[in-house]
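Residue numbers start from 1 in every chain, and the chains themselves are labelled A, B, ... in the order their sequence lines are given, proteins ahead of strands.
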Amino acid sequence: MAWKIIGINLSGIVISCTLIAFLIFVVLPSFYLISYIFLRWDEVWYEVFANPITGDENWRQIIMILLFSFKLSLSAVAFDLVFGVPLAYVLARKKFPGKNLLEDLVTLPLVIPTSGFGFATLITWTSSSGLSRLFGSTRLLSMNTAIPLINVPFILFIVHVALTFPYLVRTVETKIQSIEETYEIASRTLGASSLTTFRKVLLPLSIPGIFSGSVLAFARSLGETGATIIVSGVSTTASIAIVRWASEFKLSTAAFMGSLLVLIAWIMILPVEIYVSKNRRSSWRHLHIPTNLSMKIIKFERFLSRKLSIVKDIVPLIIVVILIIIPVVVVISSVTLYWSADPYTGRVEGGVVYQLFGPSRYLDLILRATLTSVIVASISTYIATCISIPLSFIIERRRYGHVLRTMLKVPLIIPTSSLGLSVLLLWGASGLCLVNSGIWMIILTHIVFSVPVIVESIIAAYEGSGVQMYEETARTLGANAYSAIEAVSLPLIKGGIFTGFILSFTHSLGETGATLIVMGRDTTIPVLVVNMVEALAIPAALFTSTYLIVLSLVMLVIIRILTQG
Amino acid sequence: MPEVRLVNVTKRYGRILANDHVNLTIRDGEYISVIGPSGCGKSTLIKNIAGIIEPDEGEIYIDGKIVNNIPIEDRGIGYVFQDIALFPHMNVWENITYGPDVKGFSPEETKTIAREIIEMIKVSARIDAYPDELSGGTQQKIAVARALMSRSSLMLLDEPLGALDLKVRSVLRYELRRIAKALGITVLHVTHDQEEAMSISDRIVVMRKGRIVESGKPLQLYMKPKNLFTANFVGEANFLVGKIEKVSEKGLLIDIGNGLKVFSTEAKGNIGDRVVVAFRPEFIILKEKIDENAFFGEITRIVYSGSLVRITVETTSGDEILIKNPLKFGEPPPETGEKLTFSIPPENVLVYPYPEAGLHKELSLE
Ligand SMILES: Nc1ncnc2c1ncn2[C@@H]1O[C@H](COP(=O)(O)OP(=O)(O)OP(=O)(O)O)[C@@H](O)[C@H]1O
Ligand SMILES: [Mg+2]
């Protein structure tokens, strides 16, 4: 009896503490930016719409930048869809040698610090040590060479595709794996070719996965800062604009842009979320195709199914090679090329060694940034884990759990620069004035997006392991709720906690957008790459990017070992 | 017309031989059941025919043409899955017209066939209902209708009634046969339920460990199974081990130990052969007095199952024998501990050579 009472009280305390921490560390920063606009509307109005000198120049810029950002993100997602869905299908349904490797390669941009990856892509396409070496010309493209029709710079586009690709592919792959293959076989036995089966059966059934994958990819592209800042050239995306304005102390304009971004993202995402959560049946059924046209399509698909089975498998592979493997290889080979001196001018000052050990002492900076990064990632991930474990149990056990889970989607979708700005405005000098820009504020920011990442992977492990049942068994055997969690559930979901921990750790290591805004005088490694590129210290940037890529490859290996073990 | 022929069809999963040199011919219009214990390779067999999997060895012919390299969709078969597999995002109408749609039937033709089939399978569901709104039985009927709609004359059914409760199963199985015969199609029906197979098939194929053990008409498999496994798997049987003591033109006299003898009208065997004697519990006759092939024993257990009483008797030789007797109105059933006399009609006593692997191994279901 006594134990039971203690158990209940204890769980009450744990729940309240968790919820309070959740509110302060995650919910408040996620929503503060929008409320800031309302609280300081006068300032916003003055700065954005009615500046005495520039008038509504800022507002016109905001519109232009937003349009460009949406064009970029939408076209990247469209490309992801066209090539990512077939790749997801191949990964989910086919067995072939090298499948694990391909999966890892697709996932690589998820763990690679994006500024390093952005720099690798930049070098690959525009510098003389990149792809142009193969073709003999000095440079293949200029940074601002645009893709016709959509008028988006080519480099910017492929960087966004590479960085968003894994979100789409992995989400759709998971969804397809959850659909029984029997439906496809049934369709085949009824006379449909494999392409027709794909269109009429698999595609409609995986729509929820395709939607949520696109949403994630879209949000990621909208919020991407680290790589974008390096490859953007003369173009400006919304998240870069926020970083720039924040550094110019145009806080109201930045905040206004940030909240617009959040609002518009939500307006686009909400219908999808509702659609997916309602799990509605096929809605394009009413989209009637005339019989003879549909017959032609089916005939064509039948023809294609025969001819194209190889092409369908090869094309996504080629994309992965172009977008991911080549940049990584180019960066690593460029480091060796530039190791002792600039290979073209022969000047020692242009070599990696000189820049690292010479008067600019980049090595010191790298080491100090590494230390900062590791401290930030460790502390923020640790605190986030402490919040996430009890939070996951609350989400799974309490009726209001799904509300919490929906709230957790917010930090996943907010562009990180908006999030950084929100944290800065909330805790910093112009808000509660509790924390100064610098390492502690970086940690506070990283906690916000780490919690959802860890919670999601704990929940995945929880729901996959049937913990509920084991726990109930333990409780029928007399264990009270609290000790049941300790003795039964925690060991079972250990894997989920580990995976979440590593994911959030790598996420934190690679984050640029929010960090740029809240870092003050402290620097993390991805930010250091950005600084180096801006200072035109190319060999140093090459070295640091390689260092980051190697680091994330190690992380990837750890993740694979953990998720398999 | 669809005649299916399998020649040495073999399929391996690692070290498991799921199909081991299977040879089988299915004649046009035949209703064949494939039975066998779980994991014996029944599903593998029809998946091979459908093209869902590729055999490692052997050829499959449909209508005399080899189909090994022909994709599923071009084999012209109907397939009903154990787990039903109606498309969850399509309603009843869309499900059943899926085949005609992708095969390019004209809308009028599709409607005509659909009406005919719906009437034939007597389905009462709304055509705009979704699969998850229907009962298991109705879903199963729709799945059959969907397979029939493509007008293919060869149907492969993989435990089509497996997911249903007993009552619905026993109604639906006759429907299946009726429809197949009305449309004149060839059916290969996989089931693990021997009673189901017995009641609807023209011919039954018994499988075990990837091989076909025996095939024949239901009554033949029941009355005169060619081997011990079938005798045990199709229906129930008592098995006793003994030695042939006398061979005459009327039959065999077998010594089953402790001075007890059984007479069988079977003719094959030599004096001194070690044999297994099998007889069905429902053919045993309860007697007042001892006569030919009669035994005496004490009732050790009585179980009532529906219209039958299952009586277990321990004979003077210590063997346990199961007797199935119909429950008769007004007649008091026997009780445990009572002594009982019974006889086995000699024409119902089957004699098999003693299996090399031992009786237990031979009868085992794995
Ligand atoms: N995809 C597969 N991978 C590995 N082994 C398999 C696979 N499919 C079947 N097997 C094995 O092949 C053997 C035959 O399987 P099959 O499904 O044909 O049996 P079955 O007679 O249909 O059994 P059940 O009555 O349980 O459906 C089994 O031992 C099974 O474990
Ligand atoms: Mg089976």
For B:D101, all residues meeting salt bridge (charged side-chain N to carboxylate O under 4.0 Å, His left out), sequence neighbours excluded: none

Within the supplied structure, the quantity of interest is the number of heavy atoms (other residues, nucleotides, ligands) at a distance under 6.0 Å from [X] [atom1]; does it exceed 12?
| X | atom1 | result |
| --- | --- | --- |
| B:Y13 | OH | yes |
| A:K299 | NZ | no |
| B:K181 | NZ | yes |
| A:R93 | CZ | yes |

Interface moiety of B:L156 toward chain A, non-hydrogen atoms closer than 4.5 Å: neither

Under 4.5 Å from any heavy atom of chain A - which part of B:A147: backbone

Looking at [X] and [Y], what are the two nearest heavy atoms and their distance?
| X | Y | result |
| --- | --- | --- |
| A:Y183 | B:F87 | O-CE2, 3.3 Å |
| B:A85 | A:T182 | CB-CG2, 3.6 Å |
| A:L205 | B:P88 | CD2-CG, 3.6 Å |

Any B:Y79 side-chain heavy atom under 4.5 Å of A:I185 side chain: no

B:R75 vs A:T189 side-chain heavy atoms within contact, under 4.5 Å: no

Short side-chain to backbone donor-acceptor contact, B:H89 and A:K200, under 3.5 Å: yes

Salt bridge B:D74-A:R302, side-chain N to carboxylate O under 4.0 Å: yes

A:L190 and its side-chain contact (heavy atoms from CB on, under 4.5 Å) partner, picked from B:K103, B:M149, B:R146, B:E73: B:R146

Distance (rounded to the nearest 0.5 Å) between B:I72 CD1 and A:S193 OG: 11.5 Å

Criterion side chain to side chain contact (heavy atoms under 4.5 Å, CB included) on B:D83 and A:E180, from CA distance to verdict: CA-CA 10 Å; B:D83 44 2; A:E180 292 201 34; 3.4 Å; yes

